[in-house]
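Keep in mind that the numbers below use all heavy atoms, side chains included, and drop hydrogens, waters and symmetry copies.
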Amino acid sequence: MTTVPASARGEPEAIVAPRELLNRARRYAEPALAAVTVVALGTGAAAWLAGNRALADELWIAGTVLALLPAVWWVIATLRRGRVGVDLIAVLSLVGTLLVGEYLAGAVIAVMLAGGRALEAAAERRATHDLRALLAHAPKFARRRVGSAVDVVPLEEVAVDDILVVGTGEVVPVDGRVLGSVAVLDESVLTGEALNVERAPGEPVRSGAVNAGSNFEMRAAAGAADSTYAGIVRLAEEAGAQNAPIVRLADRLAAWFLPLTLVTAGAAWALSGSAVRAVAVLVVATPCPLLLAAPVAIVSGLSRASRRGVVIRSGGALENLGRATTLVLDKTGTLTEGRPTVVAVLSAPGRDAAEVLTIAASVDQMSGHVLAEAIVTEALARNLVLTLPADVVEEPGQGASATVESRRVRVGKLPAEALTAPWTRGAVNRARLDSAAIAWVEVDDEVAGAILLRDPLRRDAPRTIRRLRDAGLRRVVMLTGDRPDPAREVGAVLGLDAVYAQQSPADKVAAVTRERASAVTVMVGDGVNDAPALATATVGVAMGARGATASSEAADIVLTTNRLDRLADAMDIARWSRRIALQSAVAGMALSLVAMAVAAAGWLAPAWGALVQEVIDVAVILNALRALRGDPATKVDLLADTGDLLRRFADEHDELRDAVLLLRDAADLVVAGDPHALAVLTKAHTFLRDQLLPHESAEESELYPALARPLGGGETTATMSRAHAEIQRLSDRIATHVDLATSGGGIQQEQVDDLLACLYGLFAVVQLHFLQEEENYFTLAEPDRGSAEARRTQTHGRK
């Protein structure tokens, strides 16, 4: 068995990279220099108070020289990087104090220079803490099982289909799929969400997640270089490699600040004849507000974004995101969930919808088609018991057929001539109105039902689009390869400015190019076909939670969780960081210029000037670090119990949504004069009385009062309360119709018009009310693997 490397056991490695040694040396040298200069200043002051002026001067001179030597090196290093040596001002001020005999001022400057350098390093470490933690979290080794032996191997040696063992507390080394038992994972490093998630056998796991449960095995689906976390690490390593535009602006401003300082100091000396005034000007002419404020604020923004599950490639991408005015989005997987779901199960007269779904899922559980997976997922979510089919035959593009309990069942497309029953025309019309696909269910050559499927809009999409517009976006465009009808529907619901359907990858690139010609443009996508358009946009954003796809590699920003609202979070962070950077640089430079003028007039001695300089530096650093906390105006202060309530009622919506269809089914039967109409109407009334109305009442008494405080008052839920009242009114009216029909032996003709108005009206009100609550309130809570949608995904993983 291979020996476990020291680093894998948590022990320090014997050999440390030279760059790391240099960083460690700097980490200790700068505080040490600050401490030595403080000692020189303090002991000199003590000697001066004791009357020993000569010793005091010697100690202050020693402190000045100790600071001067590394300052000269800093100037040389800056010049070698091709940047203007504004640290030359500090060197000149130290030399000037020695030449004019202002030894106390020199010692104070030495303390301030060394202390400022140490403070800068501490600020940089604080700002980059999350990015460094991201890099440090990267796995380096994996435990590979071959037979009964488990070897610890370097991550680069892991190949596709290797069996890996992940112990408790260990990081998942590569992307793969769970084997054997359920894996409990902490994915907070990837998604920013603190709740643990469960992955059933066969479900995918992503590298970078931490095993929060017992040991489990997985089969590698990618090598180290192609796994999710490797892509995130590559982006994080590049995050500081490029200067943001605002940082480059600071460099340009610093280029004229040096000659301005020298001219001001020379003029003060020439006009007054006092070299001390010139030294005082040099002392207060600190370049820190320019050189430090912008980088610290931008890096703080990068760090804050990483905590929200947004990995940004560079400071330039962060700043460009903050300046963006146009947003271009793909539809599938970006604005929609990216996978079809069952929206309705229609049955032929005399058949039950649950029976239709059960036999269809029994056949489709042997198929890998995306629509088949959706049907099986829906059946398992309803706790239907599936039967193992026999004689399965799958026809690509047409569907699948099999024998289920001695009946020949076919699921898929049917020719128009087979759809002769009146109810099938209604199913076709409904699918067209809903922009849904139809999977017909045929039993023994007779059409038994139809299953309608569509790719649903992301629940958080409308609120996210509103947030992005509030952040400054003036134009939102959708590009999709889908048909025009569903594309227009999504555009209408979200209030988009332009919708382009049936777009090829080349069409998307052309559209993004047009938008970029007139505005800073952000493009969001999640598929390989989106990669060229992402690369063309000013800022490309990839929905990268599904792995290191081509879109992730081409993007400037990767959302590591499939939540579109994280883009709004990133834009808030970008705008706040840019504002803080500009604010710090402008305010710091203004204070420095004022101090220079005061010193040139002779009103500020060099020693006091050094103190003023440090006050400005500290203020600039602390202000720049505000970017770590984010804009207080954008925070949503949800109480913990409110989040629990939101998740609870979101789950209830998922459970009630299918039953709401009873209202439309009952109305359809009433219109057709079907003899089963009263039975279905009674069933719908029972659903209203026992399930829907208690749910709405609980929202009114529990959820809305809890939301009043974090959302700013009860008026924010007033329209929702009015909807509750309308739901209660229509439900009571339907109850009256049920009583009349029951006592009269059936639905009377004079009841039909009002009954239909009540049923169709209530169906529309409830549907709209559910959508409004889900968009406005439920998306405020972080997703929970206990939700119904998550349970469907987990259940499907066990099929």
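- The backbone N or O of K331 sits less than 3.5 Å from a side-chain atom of T336, completing a donor-acceptor pair.
- The CD1 atom of I580 sits 14.5 Å away from the CZ atom of R575 when rounded to the nearest 0.5 Å.
- Taking 4.5 Å as the limit, some side-chain heavy atom of D330 sits within range of a side-chain heavy atom of K508.
- The structure places CD of E217 at 9.0 Å from CG of L164, a figure rounded to the nearest 0.5 Å.
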Quick one: do N320 and V522 satisfy side chain to side chain contact (heavy atoms under 4.5 Å, CB included)? Show the steps, please. CA-CA 9 Å; N320 283 331; V522 178; over 6 Å; no
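- When side chains are defined from C-beta on, T377 does not count as touching T341, because their heavy atoms never get closer than 4.5 Å.
- In terms of modelled atom types and a separation under 3.5 Å, the side chain of D162 and the main chain of A159 share a donor-acceptor contact.
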Could you please spell out the steps behind the side chain to side chain contact (heavy atoms under 4.5 Å, CB included) verdict for D569 and R566? CA-CA 5 Å; D569 293 340; R566 292 299 164 86; 3.3 Å; yes
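- A distance of 11.0 Å separates CZ in R626 from OG in S577, rounded to the nearest 0.5 Å.
- T168 contributes a side-chain N or O that, together with a main-chain N or O of G213, makes up a donor-acceptor pair within less than 3.5 Å.
- Taking every heavy atom of both residues into account, V166 and P173 meet most closely at CG2-CD, 4.1 Å.
- The closest side-chain heavy-atom distance from V385 to T358 is not below 4.5 Å.
- Between H653 and F770, the two ring planes are parallel [angle under 30°; tilted spans 30° to 60°].
- Across D572, T538, I557, V310, a single residue satisfies side-chain contact (heavy atoms from CB on, under 4.5 Å) together with L321, and that is I557.
- Not one N or O on the side chain of R304 forms a donor-acceptor pair closer than 3.5 Å with the backbone of A570.
- Salt bridge absent: E203 and R177 never bring a charged side-chain N and a carboxylate O closer than 4.0 Å.
- Between A436 and V343, the shortest heavy-atom distance links the atoms CB-CG2, 4.5 Å.
- K140 contributes atom NZ, which lies 10.5 Å from atom CD of E156 (distance to the nearest 0.5 angstrom).
- Under a 4.0 Å N-O distance rule, the pair D654/R657 qualifies as a salt bridge.
- Annotation: side chain of T334 is not in contact with side chain of M523 (no heavy-atom distance under 4.5 Å).
- Nearest heavy atom pair, residue G169 against residue V210, reads O-CG1, 3.8 Å.
- Using a cut-off of 4.0 Å between Lys/Arg side-chain N and Asp/Glu carboxylate O, R467 and D470 are scored as not salt-bridged.
- A donor-acceptor contact shorter than 3.5 Å is absent between the side chain of E702 and the backbone of E699.
- Taking 4.0 Å as the cut-off between side-chain N and carboxylate O, R206 and D175 do not count as a salt-bridged pair.
- Counting heavy atoms from C-beta outward, F649 and E774 have side chains that stay 4.5 Å or more apart.
- The existence of a salt bridge linking R145 and D151 is excluded, since no basic side-chain nitrogen approaches an acidic carboxylate oxygen closer than 4.0 Å.
- The shortest non-hydrogen separation linking L468 to A568 is CD2-CA, 3.6 Å.
- With salt bridges taken as basic N to acidic carboxylate O contacts below 4.0 Å, one links E170 and R143.
- Put simply, the side chain of I451 reaches to within 4.5 Å of the side chain of L357, judged on heavy atoms.
- To the nearest 0.5 Å, atom CZ of residue F216 and atom CG of residue L179 are 9.5 Å apart.
- Side-chain contact between V411 and S367: absent, with no pair of heavy atoms (C-beta onward) separated by less than 4.5 Å.
- No side-chain heavy atom of V158 sits under 4.5 Å from any side-chain heavy atom of R144.
- Checking side-chain atoms of R199 against main-chain N and O of A183 turns up no donor-acceptor pair under 3.5 Å.
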Steps toward side chain to side chain contact (heavy atoms under 4.5 Å, CB included) verdict (L318, M571): CA-CA 8 Å; L318 179 77; M571 181 162 279; over 6 Å; no
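- Closest approach of V342 to A374, counting heavy atoms only: CG2-O, 3.9 Å.
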For the pair L771 and E773, evaluate side chain to side chain contact (heavy atoms under 4.5 Å, CB included) and give the outcome as yes or no after the intermediate values. CA-CA 6 Å; L771 287 173; E773 288 184 321; over 6 Å; no
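- For Q365 (side chain) and T387 (main-chain N/O), a donor-acceptor pair under 3.5 Å exists by modelled atom type.
- Although no hydrogens or angles enter the test, the distance criterion places no donor-acceptor pair under 3.5 Å between the side chain of D364 and the main chain of I375.
- When every heavy atom of L335 is checked against every heavy atom of L329, the shortest pair comes out as CD2-CD2, 3.8 Å.
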